[in-house]
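One structure below.
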Amino acid sequence: MVHYKYLHRRSFVRDGLWLLAINAILFAFFAHYDVLEVIINLVKEYEHWELDEFLPLGASLTFSLVIFIYRRLVELGRVTQAFEDLAKQDPLTHAYNRRAGQVILHNFCQKAHSEGEGFSLLQLNIDNFKRINDCYGPSVGDDILIKLVAIIQKNIPAKSELIHWHSDNFLLVLPTSITSPYEFANNLRETIAQQLFTTDTITCSMGLATWQKGFSLSDMLHNVEDALLDAKAANKNTIKVA
């Protein structure tokens with residue numbers, strides 16, 4: 001099946017409409033000048049040329065072309081989707097990357113301004129991550145990031161979005177369905193400390209900001225980052241609210 005998103009691309013729809021319009025014009029032309037009747041008379045007049053054999057051949061070629069185009073559209077839709085996924089995903093953790101995250105955050109802010117449906121932003125950073133890399137090596141550090149994402153995705157509710165912002169820094173967009181974002185963040189912090197790494201104790205610091213009327217996306221990012229810095233300054237492994 002052709003990918004759903006591809007079928008709704010403007011270029012695909014526009015080209016399809018152009019083809020329909022051109023064929024409608026050709027149909028009117030053929031009907032006005034009785035092209036089929038002219039062809040039939042030509043076939044009868046030059047019967048020894050076997051021109052009538054071209055009619056079923058043309059039909060079979062048309063059918064073959066339709067199948068060929070459909071298969072190419074299926075392939076193109078899959079390739080397009082694969083490139084879209086690669087452009088949105090962090091290659092290591094497979095969480096949304098910063099590029100996709102900016103779109104997600106913009107959509108949440110736009111919805112908050114237009115519909116008044118607020119959200120909370122949780123920024124999470126692994127404490128002393130450089131020490132982990134220095135002691136156990138970068139490959140272990142990568143495994144920790146992968147496992148961290150798995151733990152978060154397992155514990156976040158529906159309609160939440162996880163974004164790998166940079167390095168060992170992650171953003172969680174929490175919908176209004178979470179009535180107590182601080183309690184959720186604290187439970188997540190404790191779960192991470194218990195499950196992330198058995199060889200050593202790894203904790204996370206978190207900053208929490210809640211959207212308020214009149215806030216812009218820049219305000220939200222600035223506030224949550226300030227809250228995270230406050231958590232880092234307060235001996236880490238804690239949560240600070242903007």
Side-chain angles (χ1 to χ4, degrees), residues 1-111 113-115 117 119 142 145-146 149-150 152-154 156-166 170-171 173 175 217:
M1 185 64 186
V2 182
H3 194 270
Y4 178 80
K5 290 183 179 179
Y6 182 75
L7 288 175
H8 290 75
R9 288 182 179 275
R10 289 183 180 180
S11 59
F12 182 85
V13 175
R14 183 178 63 248
D15 291 348
L17 291 174
W18 270 110
L19 287 174
L20 286 175
I22 291 170
N23 280 276
I25 294 170
L26 289 174
F27 174 79
F29 174 82
F30 295 153
H32 181 75
Y33 291 101
D34 291 328
V35 173
L36 185 59
E37 187 175 340
V38 172
I39 293 173
I40 292 173
N41 292 332
L42 189 65
V43 168
K44 289 180 179 179
E45 185 178 353
Y46 300 98
E47 190 173 355
H48 60 285
W49 286 5
E50 301 291 348
L51 296 178
D52 54 332
E53 303 300 332
F54 284 97
L55 294 177
L57 178 62
S60 65
L61 285 174
T62 302
F63 182 71
S64 301
L65 185 62
V66 168
I67 294 176
F68 177 81
I69 292 173
Y70 177 78
R71 288 176 63 86
R72 299 294 77 76
L73 284 174
V74 170
E75 291 177 0
L76 184 58
R78 289 172 179 168
V79 170
T80 301
Q81 183 60 32
F83 277 118
E84 286 182 355
D85 291 340
L86 288 173
K88 293 187 297 185
Q89 285 184 351
D90 168 54
L92 176 65
T93 63
H94 299 296
Y96 284 120
N97 60 22
R98 186 164 183 151
R99 181 188 294 108
Q102 288 171 332
V103 175
I104 291 169
L105 291 169
H106 174 76
N107 291 339
F108 267 88
C109 274
Q110 194 173 43
K111 193 172 182 180
H113 284 295
S114 61
E115 302 177 15
E117 186 176 336
F119 63 96
D142 288 346
L145 292 177
I146 294 169
V149 167
I152 295 173
Q153 289 177 334
K154 185 178 178 180
I156 59 176
K159 297 183 179 179
S160 300
E161 300 290 358
L162 173 61
I163 304 162
H164 190 178
W165 201 237
H166 61 78
F170 294 84
L171 280 176
V173 190
L217 177 56

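In this chain, residues are counted from 1 in sequence order. Scope of the values below: all heavy atoms of this structure, side chains included, with no hydrogens, waters or symmetry mates.
Of the inter-residue distances, the one linking Gln153 atom CD with Leu162 atom CG reads 5.5 Å to the nearest 0.5 angstrom. With rounding to the nearest 0.5 angstrom, the NZ atom of Lys111 is 13.5 Å from the NE2 atom of His106. Between the CD1 atom in Ile104 and the NZ atom in Lys88 there is a gap of 8.0 Å [rounded to 0.5 Å]. For the atom pair Asp142 CG and Leu92 CG, the distance stands at 5.0 Å (nearest 0.5 Å). Between Phe68 atom CZ and Leu73 atom CG the span is 10.0 Å, to the nearest 0.5 Å. With rounding to the nearest 0.5 angstrom, the CG atom of Asn97 is 10.0 Å from the NE2 atom of His164.
Listed by first and then second residue, the salt bridge (charged side-chain N to carboxylate O under 4.0 Å, His left out) pairs involving residues 91-107 amount to none (not counting sequence neighbours).
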TODO: Please lay out, stage by stage, how Phe27 and His32 fare under the test side-chain contact (heavy atoms from CB on, under 4.5 Å).
DONE: CA-CA 8 Å; Phe27 174 79; His32 181 75; over 6 Å; no

TODO: Please test Leu145 against Phe170 for side-chain contact (heavy atoms from CB on, under 4.5 Å), starting from the C-alpha separation and ending with a verdict.
DONE: CA-CA 10 Å; Leu145 292 177; Phe170 294 84; 4.0 Å; yes

Task: side-chain contact (heavy atoms from CB on, under 4.5 Å) assessment of Tyr96 paired with Glu161 - done: CA-CA 8 Å; Tyr96 284 120; Glu161 300 290 358; 3.2 Å; yes

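Contact check for Asp90 versus Ile163: no side-chain heavy atoms found under the 4.5 Å cut-off. Side-chain contact between Phe108 and Glu117: absent, with no pair of heavy atoms (C-beta onward) separated by less than 4.5 Å.
For the pair Ser160 (side chain) and Ile156 (backbone), a donor-acceptor distance under 3.5 Å is absent.
A cation-pi contact, defined as under 6.0 Å to the ring centre and within 45° of the axis, is absent between Arg72 and Tyr70.
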